[in-house]
Amino acid sequence: MTGFQSAFLKTLSERNYIHQCSDPEGLDALLDKETVTAYIGFDCTAKSLHVGSLVQIMMLRHLQRSGHRPIVLMGGGTTRVGDPTGKDESRKMLTADEISDNKAGIRQVFEAFLTFGDGPSDAIMIDNADWLLGLQYVDFLREIGRHVSVNQMIQRDSVRLRLEREQHLSFLEFNYMLLQAYDFVELNRRTGCRLQMGGSDQWGNILSGVDLGRRLGGADLFALTTPLITLASGAKMGKTASGAVWLNADMKSPYEYWQFWRNTEDADVGRFLKLFTELPLDEIARLEALDGSEINEAKKILANEATTMLHGADAAAEASEAARKTFEEGALAEALPTVEVPRADLEAGLGVLAAFVLADLAKSNGEARRQVRGGGLKVNDVAVSDERATLGAGDLTADGVIKLSLGKKRHVLLKAK
RNA sequence: GGAGGGGUGCCCGAGUGGCUAAAGGGGACGGGCUGUAAACCCGUUGGCUAUGCCUACGUUGGUUCGAAUCCAACCCCCUCCA
């Protein structure tokens, strides 16, 4: 899709954010004419979002920078139901308290990417619990249910796949798309919101809302989805050795976040620069054309840009410097993830295996032991050969720490306290 | 409510009395090669105070010298019928 007039769609299109759009010409005209309110919904299933949601977050950012108004819709209500999309099994139910904790954690991330306030293009955050929790069942059925076709609902991928695979789908989950459709209509009533965006897996749910808006009396709503971001090697994006790449700093340190981007596959660098940084396109074109090992420079820029946007320039610089010392000089970097250990334990002698478990580099002594046999553990850059060895105060470096390494990439400092 | 099929390790999936901590595959992790890349090759993949002990094949009991495998009850999923 090319030839957009509106700044927003032009940007999205150039940077490959667009997968599907319900009415590209109509939406383009609308965006070009007036300030448009658009929303993306986020589940509150964890205390933090992870990079899997970053495309959506960036899209809201672009929306705001193009002069429109983003709404972050927190799924405080829908999370109590659970989206069956892409899930093979029902999710455990979250309590109201868990959901509200999660909401608070997620809020922090958006503060970094969007400007909130009362101005015409200031972002707002709304919780669909505000209207969903008070719904009356019979009223809802009469007002909304009459416009919804079960025939269509069971055609949606999220439902169809479960049925085809003969997997359980509860009525509770079946209703998820209905609630999401209702959200769109309700947001339209409350804020004049015209556009819902989301990942490609949300296409069906979003269209349900567009449909419902039309059936209820002519609200002209739009749907726009982003492509599913996978790695060039085919894997899903966002998982690393240490688990999901969370956005909250207390769940994934800026250093690890920087590393995540630094380890991007060659073939993904250009695509990621477009999606996850705001560098000008000609600069990106130059970077992705770098050959062989020179492309590492592009990866560093990607890491710096992405980390700056989330954690700020200081944190990014620190992470970058720590990486330089660790990987390019083989020196000790203070900014590596640090775990404190009581000085008395060290003086008494701490088993190597236990030390790696403590540093969260191994899940159990057994795993640490296997890593020793495979030659994967290092203490102060020296490979561990004896699984019975102990660490003592004598192993502290001049900086007062012990550097533990798993493989070449994961390092943790043990600090006596 | 009735009939039939099914529930195995992170996931898929084999296994129908001892040789089973459970084939095979995927994923993941480590090593090698590299550029902190991909691809490829090799290894590992339940826990522990470890020549042994403990936990594990939906749950709980039972049969047996011995059970993932046999029996009973229960829970859950799927299909068809009412």
Side-chain angles (χ1 to χ4, degrees), chain A residues 84 86-90 92 159-173 230-245 255-273 287-304 307 319-331 333 335-337 348-354 356-357 359-379 381 383-388 390 404-412:
Chain A
K87 306 288 184 307
D88 284 347
E89 285 177 30
S90 305
K92 70 168 177 132
V159 173
R160 212 191 64 226
L161 292 175
R162 282 275 191 95
L163 295 178
E164 280 175 0
R165 290 177 191 155
E166 302 187 345
Q167 283 159 342
H168 173 72
L169 175 72
S170 69
F171 185 65
L172 178 77
E173 295 169 285
T230 52
L231 304 185
S233 57
K236 257 192 194 159
M237 183 187 178
K239 297 284 184 187
T240 67
S242 41
V245 181
Y255 171 79
E256 292 173 289
Y257 189 70
W258 195 94
Q259 282 298 313
F260 168 73
W261 293 107
R262 173 62 182 82
N263 285 310
T264 298
E265 295 173 25
D266 288 8
D268 289 324
V269 172
R271 202 156 50 100
F272 285 5
L273 282 167
L287 289 172
E288 71 178 321
L290 291 174
D291 255 348
S293 61
E294 284 185 8
I295 197 143
N296 284 329
E297 291 311 309
K299 294 183 189 180
K300 287 178 197 168
I301 291 171
L302 171 62
N304 284 335
T307 307
S320 168
E321 178 59 13
R324 197 185 62 77
K325 279 189 180 162
T326 304
F327 290 99
E328 293 177 25
E329 291 180 6
L336 291 174
L350 180 62
V352 213
L353 303 181
F356 277 88
V357 173
D360 205 25
L361 289 172
K363 284 196 209 65
S364 64
N365 287 3
E367 185 182 320
R369 185 173 288 115
R370 287 191 292 272
Q371 290 295 1
V372 169
R373 289 177 189 157
L377 299 188
K378 291 197 188 96
V379 172
D381 297 314
V384 178
S385 54
D386 177 10
E387 55 194 55
R388 288 166 190 277
T390 56
L404 304 181
S405 310
L406 167 64
K408 294 188 182 102
K409 294 185 186 172
R410 297 179 60 197
H411 309 278
V412 169

Is the base of U36(B) touched by the side chain of K300(A) through a donor-acceptor pair closer than 3.5 angstrom?
->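 Under the 3.5 Å cut-off, the side chain and the base do not form any donor-acceptor pair.
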Short side-chain N/O contact from K409(A) to OP1 or OP2 of A37(B), under 4.0 Å =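 Yes.
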Name the residue closer to the 5' end of RNA chain B, choosing between E265(A) and Q371(A) according to the nucleotide with the nearest heavy atom.
-> Q371(A)
Do NZ/NE/NH1/NH2 and the carboxylate oxygens of R373(A) and E387(A) come within less than 4.0 Å?
->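 Yes, charged N to carboxylate O under 4.0 Å.
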Hey, is R370(A) close enough to E367(A) for a salt bridge, meaning N to O under 4.0 Å?
->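 Answer for the salt bridge query: no.
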[X] side chain near [Y] side chain, heavy-atom distance below 4.5 Å:
X	Y	result
L377(A)	L404(A)	no
F356(A)	V379(A)	yes
W258(A)	N304(A)	yes
K299(A)	N263(A)	no

With 3.5 Å as the limit, what N/O pairs link the protein to nucleotides 47-50 of chain B?
residue	atom	partner	partner atom	Å
G47(B)	OP1	S364(A)	OG	2.7
G47(B)	OP2	R370(A)	NH1	3.1
C48(B)	OP1	N365(A)	N	2.9
C48(B)	OP2	G366(A)	N	2.8
U49(B)	OP2	N365(A)	ND2	3.4
A50(B)	N6	R369(A)	NH1	2.0

For [X], report the nucleic acid contact type (base, sugar-phosphate, nothing); a contact means any heavy atom under 4.0 Å.
X	answer
W258(A)	base
L406(A)	sugar-phosphate
E328(A)	nothing

Using Watson-Crick or G-U wobble geometry with both distances below 3.5 Å, tell me the partner of [N], or none.
N	answer
G4(B)	C78(B)
C40(B)	G32(B)
C65(B)	G18(B)
G46(B)	C54(B)

For the side chain of K299(A), counting heavy atoms from C-beta on, which of A37(B), G30(B), U36(B) is nearest?
->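 Among the listed nucleotides, the one closest to the side chain of K299(A) is A37(B).
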Counting side-chain heavy atoms from C-beta on, which of U36(B), A37(B), G30(B) comes nearest to D266(A)?
-> A37(B)
I'd like the [atom1] distance from [M] over to [N], given in whole Å.
N	M	atom1	answer
G27(B)	A72(B)	C1'	39 Å
G25(B)	C19(B)	C1'	24 Å
G9(B)	C65(B)	P	30 Å

